[in-house]
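Atoms within a ligand are numbered from 1 in the order they appear, just like the ligands themselves. The first residue in the sequence is number 1, and the count goes up from there.
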Amino acid sequence: MRHGLATPGGTFGDTGVGGLTLGGGIGHLIGLHGLTLDNLVGATVVTAGGEVVRAAEDENADLFWALRGAGGNFGAVVDFSFRLHPVGLLLGGLLLYRLADAAEVVTTWRELMAGAPDNLACFAGVMRSALRDEEGVFISVAYFGDPADGYEAIQVLMDGPAPVADGLRPMYYAELQEIFGRMPFGLRNYWSGRFLRELPDELIELAVAQFDPEHVRGSILFEPFYGAAKRVSPEATAFAGREASYNATFISSWTDPGDDERSIAVARSFSAAAAPWAIGGGYINYASESVGDGLETEYGAQRFARLREIKRRYDPDNRFRFNHNISPD
Ligand SMILES: Cc1cc2nc3c(=O)[nH]c(=O)nc-3n(C[C@H](O)[C@H](O)[C@H](O)COP(=O)(O)OP(=O)(O)OC[C@H]3O[C@@H](n4cnc5c(N)ncnc54)[C@H](O)[C@@H]3O)c2cc1C
């Protein structure tokens, strides 16, 4: 950021670069500049056989296609080159509302984002903290432009139920990357979700109802797919969620190992309940495990067959297998 330039990162300040890029990369710049992997212009890969291979649009194009969405299946990436974009002062921060207002707030957010310009990025989440006595619904706001115009663009979020906390202010991109804080070290968590074709009222209500039992902790995060991320053809990269309109994820979190089973079950059951509106599987970077059949549901048959063929070429013995694994056979 020293030169006022950025490439899309995750929304959390402590998300890494390697896994984020190879699996997707959903962040505040999604509308303006797409996913992190849409901004990858080249990578250097050390293959299972010890070869050093450059992958780019005009060099080992098949490998470059596969790297952008299928994780670390093809080798160790030792160098990433990204396209950078100017990012100046913006309006950013979090709005927090009461849990009782969650359905109305998420519905308003959905309508706002359905017509949002590329330079407005808002994510929504229904949450109850595993660590503090805190619950509600949050909307993250990032308006890349004059902050005064930003307030106008999100006015609808102020017209309904009043936020109980309003953290919006003019800020720079590096500050925006800190608005979600950090995932506390050691917090137990399990992520499960689906790419969605649509986000009907019924699913919003279902998401809010997940928090009826007091013991449920964590958040259900809704991320819209729009703008630059949607203008890339689904065939251009191995990323599987391009045709989705939203990504919905239950991030279950808890502290007591005795709650493992119950806390994992709530995340899985939300994911299963979202199936009628889902496209394919879920976002692999958020998936604590795949939907169930060796990633074919996640990628779709055609994309999966192509990935397998590339895997056979670069890692026939499946050395790189401690990941969401594309098995060569
Ligand atoms: C708190 C938190 C917040 C998150 N927020 C976001 C978000 O806002 N947006 C989003 O899109 N995702 C987010 N994620 C998910 C994130 O994209 C994945 O966890 C991703 O794997 C993180 O990248 P990493 O480099 O830190 O991964 P690591 O944990 O280091 O690696 C994960 C896997 O990626 C592969 N990998 C990583 N680096 C390389 C490499 N150099 N070469 C080959 N393979 C490699 C390997 O298979 C490795 O096992 C979040 C995750 C967490 C825990």
Short check: is a protein heavy atom less than 4.0 Å from [atom]?
atom	value
atom 48 (C) of ligand 1	no
atom 24 (P) of ligand 1	yes
atom 33 (C) of ligand 1	no
atom 11 (O) of ligand 1	yes
atom 17 (O) of ligand 1	yes
atom 37 (C) of ligand 1	yes

Legend entry - Pi-cation contact, Phe304 with Arg308 (under 6.0 Å, within 45°):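 So Arg308 doesn't make the cation-pi contact.
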How far is [atom] from its nearest protein heavy atom, and which residue and atom is that?
atom	result
atom 31 (O) of ligand 1	Gly19 CA, 4.4 Å
atom 3 (C) of ligand 1	Phe12 CG, 3.4 Å
atom 14 (N) of ligand 1	Tyr286 CE2, 3.6 Å
atom 15 (C) of ligand 1	Asn285 O, 3.4 Å
atom 45 (C) of ligand 1	Leu22 CD1, 3.5 Å
atom 2 (C) of ligand 1	Trp191 CH2, 3.8 Å
atom 43 (C) of ligand 1	Gly75 O, 3.3 Å
atom 5 (N) of ligand 1	Thr15 OG1, 3.4 Å

Taking both backbone and side-chain atoms of [X], is any N or O found less than 3.5 Å from an N or O belonging to ligand 1?
X	value
Ile26	yes
Leu20	yes
Tyr283	yes
Gly71	no
Thr11	yes
Val77	yes

Should [X] and [Y] count as side-chain neighbours, where that means a heavy-atom distance under 4.5 Å?
X	Y	result
Val105	Arg98	no
Trp254	Arg262	no
Ile30	Leu35	yes

Inset, instruction - Let me see the working for Lys311 and Phe74 under side chain to side chain contact (heavy atoms under 4.5 Å, CB included), right down to the final yes or no. - result: CA-CA 6 Å; Lys311 175 78 171 177; Phe74 311 96; 4.0 Å; yes
Verify, without hydrogens or angle tests, whether [X] (side chain) and [Y] (backbone) share a donor-acceptor contact under 3.5 angstrom.
X	Y	answer
Arg188	Asp260	no
Trp191	Ala287	no
Asn285	Gly19	yes
Arg110	Leu199	yes
Gln177	Gly10	yes

Legend entry - Phe180 ring center within less than 6.0 Å of Phe138 ring center: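 Between Phe138 and Phe180, the centre distance is under 6.0 Å.
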Inset, instruction - First locate atom CZ of Arg194, then atom CD of Glu298, and finally report the distance between them rounded to the nearest 0.5 Å. - result: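 With rounding to 0.5 Å, CZ (Arg194) is 8.0 Å from CD (Glu298).
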Legend entry - Heavy-atom gap Gly25 to ligand 1 smaller than 4.0 Å: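 So Gly25 counts as touching ligand 1.
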Inset, instruction - Could you walk me through whether His215 and Asp259 pass side-chain hydrogen bond (donor to acceptor under 3.5 Å, both in side chains), step by step? - result: CA-CA 9 Å; His215 67 81; Asp259 288 337; over 6 Å; no
Quick check on contacts: which atoms of ligand 1 are under 4.0 angstrom from a heavy atom of [X]?
X	value
Asn323	47 (O)
Phe322	49 (O)
Gly18	25 (O), 37 (C), 38 (N)
Gly10	7 (C), 8 (O), 9 (N)
Gly16	24 (P), 25 (O), 26 (O)

Inset, instruction - Report the member of His28, Met183, Glu223, Arg321 with the shortest heavy-atom distance to atom 1 (C) of ligand 1. - result: Met183
Legend entry - Working for side chain to side chain contact (heavy atoms under 4.5 Å, CB included), residues Arg306 and Asp62: CA-CA 9 Å; Arg306 184 174 173 194; Asp62 253 9; 2.8 Å; yes
Inset, instruction - Report the part of Phe123 (side chain from C-beta onward, or backbone N, CA, C, O) that has a heavy atom under 4.0 Å from ligand 1; answer both or neither where that applies. - result: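 Neither; nothing of Phe123 gets under 4.0 Å from ligand 1.
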Legend entry - Test side chain to side chain contact (heavy atoms under 4.5 Å, CB included) applied to Tyr97 and Val164, step by step: CA-CA 5 Å; Tyr97 303 80; Val164 292; 5.6 Å; no
Legend entry - Option among Tyr299, Phe239, Phe222, Tyr286 that satisfies the ring pair (Phe, Tyr, Trp, His ring centres under 6.0 Å) test with Phe195: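 Checked Tyr299, Phe239, Phe222, Tyr286 against Phe195; only one passes ring pair (Phe, Tyr, Trp, His ring centres under 6.0 Å): Phe239.
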